[in-house]
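The structure appears right after this line, and notes come after that.
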Amino acid sequence: MATETEFGAPLTPGASQVERLIADLNPPQREAVEHGEGPLLMLAGAGSGKTRALTHRIAYLVATGQARPSEILAITFTNKAATEMRERVERLVGGVSRLMWVMTFHSACARILRSDAERLGYKRAFTIYDQADSLRMVKRCMAEFDVDPKRFAPRAVQAQISSAKNRLLDAEAYREEQSSFFEETVADVFGLYEKRMHEANAMDFDDLLVRTVDLLELNADIRDRYQRAFRWVLVDEYQDTNRAQYRLLQLLCEQHRNLTVVGDESQSVYSFRNADIRNILDFERDYPDATVVKLEQNYRSTQTILEASNAVIAQNRDRKPKNLWTEGDRGDSIQVAELDDEHAEARYVAAEVERLCAEEGIARDEVAVFYRVNAQSRVLEDTLVRFELPYQVIGGTKFYDRAEIKDAVAYLQFLANPADAVSFQRIVNSPRRGIGQQTEARLISHANTTGADVWDVIREAERVPGLGAAAQRAVRRFADVMVALRDRAESSASVAELLDAVLRESGYLEALEAERTIEAEGRAENLQELVGVAQEFDANREVEGDSDVRPLDEFLAQISLLSDQDSMREGESLITLMTLHNAKGLEYEAVFIIGCEEGVFPHSRSIEEGNLEEERRLCYVGLTRAKQQLYLTCARRRNLFGGHGHNLPSRFLTELPDELVARQVSAPRTGWSGARGGEREAVLGGSFGSGGGLPDTDDLRKQPSPSLVQFRTGDDVIHASFGEGVVTSVEPGSVVVVRFAGDGAERKLMADYAPLRKAS
DNA sequence: TGCTTCACCATTTTT
DNA sequence: TGGTGAAGCA
């Protein structure tokens, strides 16, 4: 390991140190690492060792004395990626890595804004609103304009505003560009939203980028400062940058032009978040002197998996030609299974996972199941529980999205930022303290009209017009609690202590305890966990002893930029379930992609909107996550949101070359006509014969039950424990209702799982 | 004010 | 199917 040296000074440029950094790199990787000044584009295919190239490049720049550590800005999109990169760089260069900025776009912007937001008329302790907070604000602004939320969905308005910001348009510029009534309305709301956000001293996620761009554009001195500070800028996942991020990079690099971007246009799957694939496709036009390096050797997957991935992505037109290859083995065929419905699909997955773990020696935490929409996880979860296979779901409801966590954080936010009206709204009557919507609305509108902070308004409740005596008393009580907490906030350096006091003195915990329900207990536990997070923060902070920023502000900034991916657990022997979007950047020994059906994946919406290329890229991302085993499944029937649909297999399945695939089709369970023996397994264009491939669905079940048997109303049946009965009705989802002779009771049973058979 | 009921609606979402 | 939000009622 490299030894730490004097502040900012290059490491001993010992030849061996430098050599070690480029040893074990393949030629294009080496070229990227050794590239000196000037723009560099790394087109890095999936699994081609781009993080390695990037981290080694950073280390190389430092080791050769071209860069001081403090001159490096390395940007990623996720905290997880940032953490990983930081760790890997530290392993290469040692403790001097602390002088580098290795972080996400949003963290970097937040940090820049913390020190200079005053130039834009913000106070330093601005609050970062997440999407939910920002939506609240949008709703409030819509209400002020009397916009009917039924006519215009607040979410849609928010999306419009967000996308405008990401294109660096302000409300006026947006208005000029638009024409429809909806867009006119959005423009109005947009304008007010910006005003109210500013008044609340709050920024949403987009603001972090946009305001930083503003800051640098409007202030030559600050721009100059950062241009000189970050002489070397490196960006990961460049294909996912939007206009604002693009502009930010431009501003930072226009002098020195030492911009390295790494990306793969074939993995651009966030256009709906305003990522602009043009940024990477046109990089060479923007920087004509750019060096382009292609990383095509893959170190992750088998040849079979790569060929399949290449074949699928080759269907896309809008891409730079690239072909992944490997020196590795051919590996096994890709398994494509067509199942009856989503339950059969889930059973197939569970049984295969079980087999892989038992027979192939694959660890459970090396298995992942990907799906297109979160709703698909439920059936799978039910089945995994039944199979007693432990799993974790990434995505869905996040820790920081839980109501109680948001409440607690809102208390802290309001303490840190007395103008924060959204946080105020959240906590003012939680726990209940007799301040209803009326009172709350009066307080807010009084703040709006007088231009005072909400904080000051509640402290002088008697001045607010229209408040009754009871309301005034309630507000006064609330204000007293908050003032006491704020005193504590100012005197104590510990965020954990403050949080603890907040939870107690606000009566929040008390109210939870009074509920005496399991849920409330769970919520109290979650809050305890949050206190734990704060304790950890306190502890780390004491070590690092950071500057002039108030601990509370720093804590809030940190957790508001946290996401669910960060909670992913490793090494606990859990199968991982997530959407394809969340899969980017990860890898597993065995990967299942379920729901490969037209309308599900590709999603019907994307088909309608003609976004097939992006869906295909998403497919490519999914396929290239697999190291050894790859399974794709589809179901002939699927119940999504109550209704049931019949879907054709996904076009992506037909795009897989036949010779790489073992296709299996389970017995069609056609209606209630019963299974026809001869057709239990058909073969779809592929290689497998009957009998060998798909395990009979019977074998997949945990509990033995005679399954392909179909029950009909009126059938006499025998249950292993309830005895004889008769089927009184059959419900969707293989549920049969049976009236048992023994006690005359009706029971609903899962036809597929219950130990139930027809009486002969 | 607060609870219940009913209608509606439903990709993906790094921050 | 289930989660959300607004109207309706005690």
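We name chains A, B, ... by the order of the sequence lines, and we start the count at 1 in each one.
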Among Glu84(A), Arg86(A), Met85(A), which one satisfies side-chain contact (heavy atoms from CB on, under 4.5 Å) with Arg88(A)?
-> Glu84(A)
Residue-phosphate contact under 4.0 Å: Lys139(A) side-chain N/O, dG5(C) OP1/OP2 | yes
Using a heavy-atom cut-off of under 4.0 Å over every strand shown, decide if Gln245(A) touches base, sugar-phosphate, or nothing.
-> nothing
Regarding the side chain of Thr78(A), the nearest nucleotide among dT11(B), dT14(B), dT12(B) is dT14(B)
Out of dT14(B), dT1(B), dT11(B), which nucleotide sits closest to the side chain of Phe77(A)?
-> dT14(B)
Are the charged groups of Asp170(A) and Lys165(A) less than 4.0 angstrom apart, N to O?
-> no
Roughly, in whole Å, what's the span from CD in Glu440(A) to P in dT1(B)?
-> 10 Å
Pick base, sugar-phosphate or nothing for Phe105(A), based on heavy-atom distances below 4.0 Å to the nucleic acid.
-> nothing
Atom pairs under 3.5 Å: protein N/O with N/O of nucleotides 2-9 of chain B:
from	atom 1	to	atom 2	distance (Å)
dC3(B)	OP1	Arg432(A)	NH1	3.4
dC3(B)	OP2	Arg432(A)	NH2	3.4

Any side-chain donor near an acceptor of the partner, Glu345(A) and Thr633(A), under 3.5 Å = yes
Heavy atoms under 4.0 Å, any strand shown: does Asp240(A) hit a base, just sugar-phosphate, or nothing?
-> base
Which nucleotide sits closest to the side chain of Val373(A): dT1(B), dT13(B), dT11(B)?
-> dT11(B)
Has Arg114(A) got its NZ or CZ under 6.0 Å from the middle of the six-membered ring of Phe126(A), at an angle within 45 degrees of the ring axis?
-> yes
Between Asp240(A) and Arg273(A), is there a side-chain N and carboxylate O pair less than 4.0 Å apart?
-> no
dT13(B) phosphate, OP1 or OP2, under 4.0 Å from Asn582(A) side-chain N/O | yes
Looking only at heavy atoms, what is the nearest atom pair of Glu265(A) and Arg617(A), with distance?
-> O-CD, 3.1 Å
Base orientation of dT11(B), syn vs anti, 90° cut from 0 | syn
Which ones in residues 128-137 of chain A lie close to DNA chain B, meaning a heavy atom under 4.0 Å from one of its atoms?
-> Gln131(A)
Would you call Glu655(A) and Arg616(A) a salt bridge, using N to O less than 4.0 angstrom?
-> yes
Classify the angle between the aromatic ring planes of Phe272(A) and His581(A) as parallel (below 30°), tilted (30 to 60°) or perpendicular (above 60°).
-> perpendicular
Considering just the side-chain nitrogens and oxygens of Ser606(A), establish if one lies under 4.0 Å of OP1 or OP2 belonging to dT11(B).
-> no
Per Arg378(A) side chain, nearest of listed nucleotides dT11(B), dT1(C), dT1(B) | dT1(C)
Can you check ring pair (Phe, Tyr, Trp, His ring centres under 6.0 Å) on Phe592(A) and Tyr371(A), steps first, answer last?
-> CA-CA 8 Å; Phe592(A) 293 79; Tyr371(A) 34 81; over 10 Å; no
